[in-house]
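Notes follow once the structure below has been shown.
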Amino acid sequence: MDKTSGIYIAGHRGLVGSAIVRRLEAAGYTNLITRTHSEVDLTDQAAVEAFFQAERPEYVFLAAAKVGGILANSTYPADFIRENLQIQTNVIHSAYRSGVKKLEFLGSSCIYPKLAPQPIKEEYLLTGPLEPTNEAYAIAKIAGIVMTNSYRRQHGFNGISLMPTNLYGPGDNYDLQSSHVLPALIRKFHEAKVRGEGEVVVWGTGAPLREFLHVDDLADAAVFLMENYDEEEIINVGVGEDISIGDLARLVAEVVGFEGEIVFDTSKPDGTPRKLLDVSRLFDMGWRPKFDLRSGIEDAYRWFVENVG
Ligand code: GDP
């Protein structure tokens, strides 16, 4: 990418897209192209085609998606599969047709089998059944990977696919019904502290293991891979370490300054038992995250207090 290349960031108001915009701006890229949902509805094929033909971006970060935590995914699976299939089909096809030089598709670690060996290598894709709580979302993302690779094979289109682990950071969704665990815990512990409540309820047993990546680190990796990676094979993006939900809750409580009790509501689902990515392919290219989990949570908490709390 040249500093003046036209770069379209689909989903620039979301957690990932906004971080990619910040990263590109900081690196001196001056020709960033963005459209809000009301300007271009990415589920509308004709609107997407007209946008690409008029704007002709050279590079595309496909960070637009319908995303949500375990409750949202299990409550609205139809919305998750339909919207994600539509968005990615429209954007990938129009990017190809309008002559985009390279497209980066953002997937998710939930595409891997529920009981994949840990840490999860890229080659474990499609080797076993998925976690039922987010199957619809995962199938849509798998379709996006196969579509990207198929356009490469049939049309020579340069598309790459990144699989980020669980993300968090500035701009996250803090709505308790639809958020992921980390923003939910920040909100719950903060509100309990402010209201002087003695306990916070954490869903599930606390035993599941998850890996967390600060979104600014993901954005850094996304730009790094746009510049340095041209393979068909999907590539994992993570930190290479995981933590139990119970320990995560204790860490968030410490950062927030909540001193009461943590109660586990085992009537809520645990989801997949462990989800740790094998990041050796990315690390072998020389990339490393900058945030450790504590400093990342401190950063996210600062943003929460200033913007939501
Ligand atoms: P997942 O990684 O796809 O399972 O999605 P989540 O980030 O929503 O959930 C991760 C784990 O955290 C699951 O075991 C949840 O049950 C657990 N968890 C604990 N408390 C919460 C909470 O308040 N909100 C959410 N979303 N998950 C929670």
Side-chain angles (χ1 to χ4, degrees), residues 15-16 65-77 80-81 84 106-116 118-120 129-142 163-169 172-193 197 199-215 218 236-239 241-253 255-256 258 260-277 293 296-297 300-301 304 308-309:
L15 175 67
V16 172
K66 180 172 179 61
V67 299
I70 194 164
L71 183 65
N73 265 280
S74 32
T75 315
Y76 308 109
F80 277 87
I81 193 162
N84 285 306
L106 273 297
S108 158
S109 59
C110 71
I111 56 149
Y112 291 112
K114 176 183 172 85
L115 300 176
Q118 308 283 322
I120 307 171
L130 298 165
E131 157 60 36
T133 53
N134 54 30
E135 185 185 35
Y137 175 80
I139 292 274
K141 287 290 181 186
I142 292 170
M163 298 308 123
T165 193
N166 294 33
L167 301 168
Y168 69 96
D172 210 344
N173 168 18
Y174 283 89
D175 169 58
L176 291 180
Q177 294 308 306
S178 59
S179 71
H180 284 101
V181 60
L182 217 166
L185 294 181
I186 289 177
R187 171 166 223 142
K188 286 179 178 177
F189 285 113
H190 174 78
E191 289 181 348
K193 182 183 81 170
E197 288 163 1
E199 67 173 49
V200 162
V201 176
V202 174
W203 297 350
T205 61
L209 294 158
R210 293 289 184 277
E211 177 187 12
F212 297 95
L213 177 69
H214 192 287
V215 73
L218 170 70
N236 289 339
V237 184
V239 297
E241 274 171 40
D242 56 4
I243 180 170
S244 74
I245 298 300
D247 285 344
L248 176 74
R250 285 179 274 276
L251 180 57
V252 174
V255 168
V256 170
F258 170 81
E261 226 184 300
I262 297 172
V263 179
F264 292 94
D265 174 2
T266 53
S267 71
K268 292 283 196 306
D270 267 347
T272 199
R274 189 175 188 202
K275 207 161 46 168
L276 174 64
L277 294 180
L293 187 54
I297 294 173
Y301 183 49
F304 172 82
V308 185

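Indexing begins at 1, ligand by ligand and atom by atom, following the structure's order.
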**Non-neighbouring partners of His180 that pass side-chain hydrogen bond (donor to acceptor under 3.5 Å, both in side chains), sequence neighbours left out** =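 His180 satisfies side-chain hydrogen bond (donor to acceptor under 3.5 Å, both in side chains) with no residue once adjacent residues are dropped.
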**Asked** Excluding sequence neighbours, so at least two apart, what forms side-chain hydrogen bond (donor to acceptor under 3.5 Å, both in side chains) with Arg250?
**Response**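 Listed in chain order: Asp247.
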**Pocket residues of ligand 1, ordered first by chain and then by residue number (heavy-atom cut-off under 4.0 Å)** =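 Ligand 1 is contacted, at a heavy-atom distance under 4.0 Å, by Gly69, Ile70, Asn134, Asn166, Ser179, His180, Val181, Ala184, Lys188, Val202, Trp203, Pro208, Arg210, Ile245, Pro269, Asp270, Lys275.
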**Item:** cation_pi(Lys66, Phe80) dist<6.0 Å, angle<=45
**Value:**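 Yes, cation above the ring, under 6.0 Å and within 45°.
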**Request:** Look at the rings of Tyr168 and His214 and say which category their plane angle falls in: under 30° parallel, 30 to 60° tilted, over 60° perpendicular.
**Result:**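 Because their plane-to-plane angle is over 60°, the rings of Tyr168 and His214 count as perpendicular.
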**Asked** So how far is it from Ile70 CD1 to Trp203 CH2, rounded to the nearest 0.5 Å?
**Response**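 The CD1 atom of Ile70 sits 8.0 Å away from the CH2 atom of Trp203.
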**Request:** Output all residues satisfying side chain to side chain contact (heavy atoms under 4.5 Å, CB included) with Gln118, sequence neighbours left out; order by chain, then residue number.
**Result:**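 If we apply the side chain to side chain contact (heavy atoms under 4.5 Å, CB included) test to Gln118, skipping adjacent residues, the hits are Ile120, Arg274, Leu276.
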